[in-house]
K.L.:
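For reference, the structure I am asking about is given below.
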Amino acid sequence: MKEVINPPVRNIEDEEYHINIGPQHPSTHGVLRMVVSIQGETVKSLKPHCGYIHRGIEKMCEKDTYQQIIHLTDRMDYLSAHINNHVVCLLVERALEVAVPERVQYIRTIVDELTRIASHQLWWGCFGMDMGGQTCLLYGMRDREKIMDIFEESFGSRLLHSYYTPGGLMGDIHPNFQKRVKEFITYFRKKIHDYDNILTGNVIMQERTKGVGILTKEEAIDYGVTGPIGRASGFSCDVRKYHPYGVYDKVDFKEILGTQGDTFSRYMMRMHEMRESMKILEQLIDNIPAGDYSAKMKAVIKLPAGEYYQRVEAARGELGVYVVSDGNKTPYRMKFRSSSFSNLSALDHMSRGFKIADLIAIGGSLDYVIPDIDR
Amino acid sequence: MNSFFKYFTDIFNGVKSLLKGMSVTGRYFFSPGSIVTQQYPENRKTLKMFDRFKGEVIMPHNEKNQHHCTGCGICANNCPNGSIEIVQDKIETPDGKKERIIDKHIYHLSMCTFCGLCIKSCPSNALSWGQEFEHAVFDRSKLTKILNKPGSSIIKDITE
Ligand code: SF4
Ligand code: SF4
């Protein structure tokens, strides 16, 4: 007689379950795939899979001259394109010990801060949309449009400018530039109250973000998390303060530090940063010195053989570039330390133990840009 | 009693914060003057791009169908992605010397990343930005353009 064996009853409640978020998911803001292991609705662990938009920028840099590399850096973190250009320019200028005219340094600092505000405006809109408020996206985009117009008038394009070049700028600023920036500051000082009224004070948003996705200061340092996310955890890491470039040593601004390290304090950090950036702009915009928009550079730039490292504060944290030169007109090896990549590494740790809906909020507060992760 | 009181203040504060947000959206809803959306393509006739807008690389010609390009090929060398090809031609000048001139300045708009290096590096300022931005076509080959117009020649006099 055959023996009947009953299969053991599976208790699905206790089993872990893997789901894919992305690569085509609106909350990943690009093509990032996250394999999330969940139990019930609680996130147990998370594995990001990068590489969907890898273009091999570092490898492409090895065949390009230093002037040509600039246009590739635009395409890493496209929301802070100017700042990415800046890091390569600074590296070349420091390696060759070129004295960059004052005017260039002022313009670069102003444009960098405008970029930071534009990037945070877009983040604010997307974050609001991740939390379910589509109005935020429209308002964020509307105000960002003002900065886009300033950029378009002066530099010719809206997103990928390639405006900096080793030694200076591609062209001088438009005569309207200063007037428009001042108009923008007056405009945005009013509008940022709307941001607070719509989202910051919103009870649903606060309930969903306070105490969610906590990253302590020690963990932030361990993971190499920088920028607003690191500062929200109390990690003082502003490159503009510690290794000033441009004219950041001449302006007065505060590095605001958070204490909680949760999603809400990351949110607040960027809101504060927009206000601080406007403060920097106000100090600089009337004092742009006259002069050349570029230093005299040789047509072929060759860095002396050796290793170079340069960093700047991009909108999402520290952006570093490491170059090994063998004395040729192209770098032997180029490596970018992108902020989004390091920030993403902490996502697994931050989201463990929280609900899957919290993961979207945490991801939104990380503000990652996928082409910056993959490069 | 305390938690009972907190329950109601929480509800009250929550509703207040929501109303505050709604007042912002409501204000914009009732003030159509603040609408910023451009009605493209209805406004195509009046839409004007900024003078510096980078739409495409063009080679300006004067009214005598002349341009500044000598055919030196520096722009092609400086282009990071090979969007420019120069085809040179040899002519014999009236005094018997051989001279190189431009035959075709081929520009692949489909590969151009609008970095501006060609325009900046051209020693005779033969190139500039055009403001045309409606580049959508059905066939990719239409995006390959020859920038020097047929029958054009070079401006010899620099003052022209
Ligand atoms: S456009 Fe300028 S750089 Fe290019 S071939 Fe003509 S003259 Fe030379
Ligand atoms: S703008 Fe840049 S990519 Fe385009 S043709 Fe000129 S050099 Fe090449």
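Below, read A as the first sequence line, B as the second, and so on, with proteins coming before strands; counting in each chain starts at 1. Given the structure is predicted, the values throughout are model-derived calculations rather than measurements. Only heavy atoms go into these numbers, but all of them, side chains included; no hydrogens, no water, no symmetry mates.
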K.L.:
Can you name the salt bridge (Lys or Arg N to Asp or Glu O under 4.0 Å) partners of B:Lys48, sequence neighbours left out?
P.N.:
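Per chain and number, B:Lys48 pairs via salt bridge (Lys or Arg N to Asp or Glu O under 4.0 Å) with B:Asp51.
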K.L.:
Could you list the residues that satisfy salt bridge (Lys or Arg N to Asp or Glu O under 4.0 Å) with A:Lys63, not counting sequence neighbours?
P.N.:
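Applying salt bridge (Lys or Arg N to Asp or Glu O under 4.0 Å) to A:Lys63 gives none.
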K.L.:
Between B:Gly21, B:Ser17, B:Pro80, which shows the greatest number of heavy-atom pairs under 4.5 Å with chain A?
P.N.:
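It is B:Pro80.
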K.L.:
Of the listed residues (A:His174, A:Gln67, A:Glu207), which shares the most heavy-atom pairs with chain B below a 4.5 Å separation?
P.N.:
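The answer is A:His174.
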K.L.:
If you count heavy atoms of other groups shown closer than 6.0 angstrom to OH of A:Tyr332, is the number above 12?
P.N.:
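Result for OH/A:Tyr332: open.
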K.L.:
Let me know if A:Phe155 has heavy atoms under 4.5 Å from chain B in its side chain, its backbone, both or neither.
P.N.:
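Interface part for A:Phe155: backbone (N, CA, C, O).
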K.L.:
With only heavy atoms counted, which part of A:Asn202 is less than 4.5 Å from chain B, the side chain, the backbone, both or neither?
P.N.:
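Interface part for A:Asn202: both.
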K.L.:
Do other residues, nucleotides or ligands put more than 12 heavy atoms under 6.0 Å from the CD atom of B:Gln38?
P.N.:
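No - once you tally the heavy atoms of other residues, nucleotides and ligands closer than 6.0 Å, there are 12 at most.
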K.L.:
Of the backbone (N, CA, C, O) and the side chain (C-beta and beyond), which part of A:Asp149 lies under 4.5 Å from a heavy atom of chain B, both, or neither?
P.N.:
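Contact with chain B: backbone and side chain both.
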K.L.:
If you count heavy-atom pairs within less than 4.5 Å of chain B, which of A:Ile173, A:Leu199, A:Thr65 leads?
P.N.:
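Max contact count across the listed options: A:Ile173.
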K.L.:
B:Asn81 versus chain A, heavy atoms under 4.5 Å apart: side chain, backbone, both or neither?
P.N.:
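Contact with chain A: side chain only.
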K.L.:
Within a 6.0 Å radius of atom CD on B:Glu42, are there more than 12 heavy atoms belonging to other residues, nucleotides or ligands?
P.N.:
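Atom CD in B:Glu42 is crowded, with more than 12 foreign heavy atoms closer than 6.0 Å.
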K.L.:
State whether the number of non-hydrogen atoms from other residues, nucleotides or ligands found under 6.0 Å of A:Lys182 atom NZ is greater than 12.
P.N.:
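It does: A:Lys182 NZ has more than 12 such atoms within range.
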K.L.:
Tabulate, in ascending numerical order, the residues of residues 103-127 of chain B having at least one heavy atom closer than 4.5 Å to a heavy atom of chain A, or enter 'none'.
P.N.:
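Within residues 103-127 of chain B, the residues that come under 4.5 Å of chain A (heavy atoms only) are B:Thr113, B:Cys115, B:Gly116, B:Leu117, B:Lys120.
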K.L.:
Does atom NZ of A:Lys329 have more than 12 heavy-atom neighbours, drawn from other residues, nucleotides or ligands, at distances under 6.0 Å?
P.N.:
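No.
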K.L.:
Tell me whether B:Arg52 contacts the main-chain N or O of A:Gly156 through its side chain, where contact means a donor paired with an acceptor under 3.5 Å.
P.N.:
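Judged by distance alone, no pair lies under 3.5 Å.
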K.L.:
Please state whether the side chain, the backbone, both or neither of A:Ile70 comes within less than 4.5 Å of a heavy atom of chain B.
P.N.:
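Answer is neither: A:Ile70 stays 4.5 Å or more from chain B.
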K.L.:
Given that the side chain runs from C-beta out, which part of A:Arg158 has a heavy atom under 4.5 Å from chain B: side chain, backbone, both or neither?
P.N.:
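Contact with chain B: none, neither part.
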K.L.:
How far apart are the closest heavy atoms of A:Gln68 and B:Asn78, and which atoms are they?
P.N.:
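In terms of heavy atoms, the two residues are closest at NE2-O, 2.7 Å.
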K.L.:
Using heavy-atom distances under 4.5 Å, tell me whether A:Lys146 contacts chain B through its side chain, its backbone, both, or neither.
P.N.:
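Interface part for A:Lys146: neither.
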K.L.:
If you count every heavy atom of other residues, nucleotides or ligands that lies below 6.0 Å from B:Phe29 atom CZ, does the total exceed 12?
P.N.:
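Counting other residues, nucleotides and ligands, CZ of B:Phe29 stays at 12 neighbours or fewer.
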K.L.:
Side chains of B:Tyr28 and A:Asp194, heavy atoms from C-beta outward: is any pair under 4.5 Å?
P.N.:
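Counting from C-beta outward, B:Tyr28 and A:Asp194 do come under 4.5 Å.
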K.L.:
Heavy-atom cut-off 4.5 Å, strictly under: side chain, backbone, both or neither for B:Met22 against chain A?
P.N.:
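The answer is neither part of B:Met22.
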K.L.:
Report the residues that fulfil side-chain hydrogen bond (donor to acceptor under 3.5 Å, both in side chains) with A:Arg375, sequence neighbours left out, ordered by chain and then residue number.
P.N.:
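A:Glu58, A:Ser338.
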K.L.:
Side-chain contact test, heavy atoms from C-beta onward, threshold under 4.5 Å: evaluate it for A:Val203 versus B:Val15 and give yes or no.
P.N.:
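When only atoms from C-beta onward are counted, B:Val15 and A:Val203 do not touch, as no gap falls below 4.5 Å.
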K.L.:
Between OG1 of B:Thr37 and CD of A:Glu145, what distance do you get to the nearest 0.5 Å?
P.N.:
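The distance works out to 9.5 Å.
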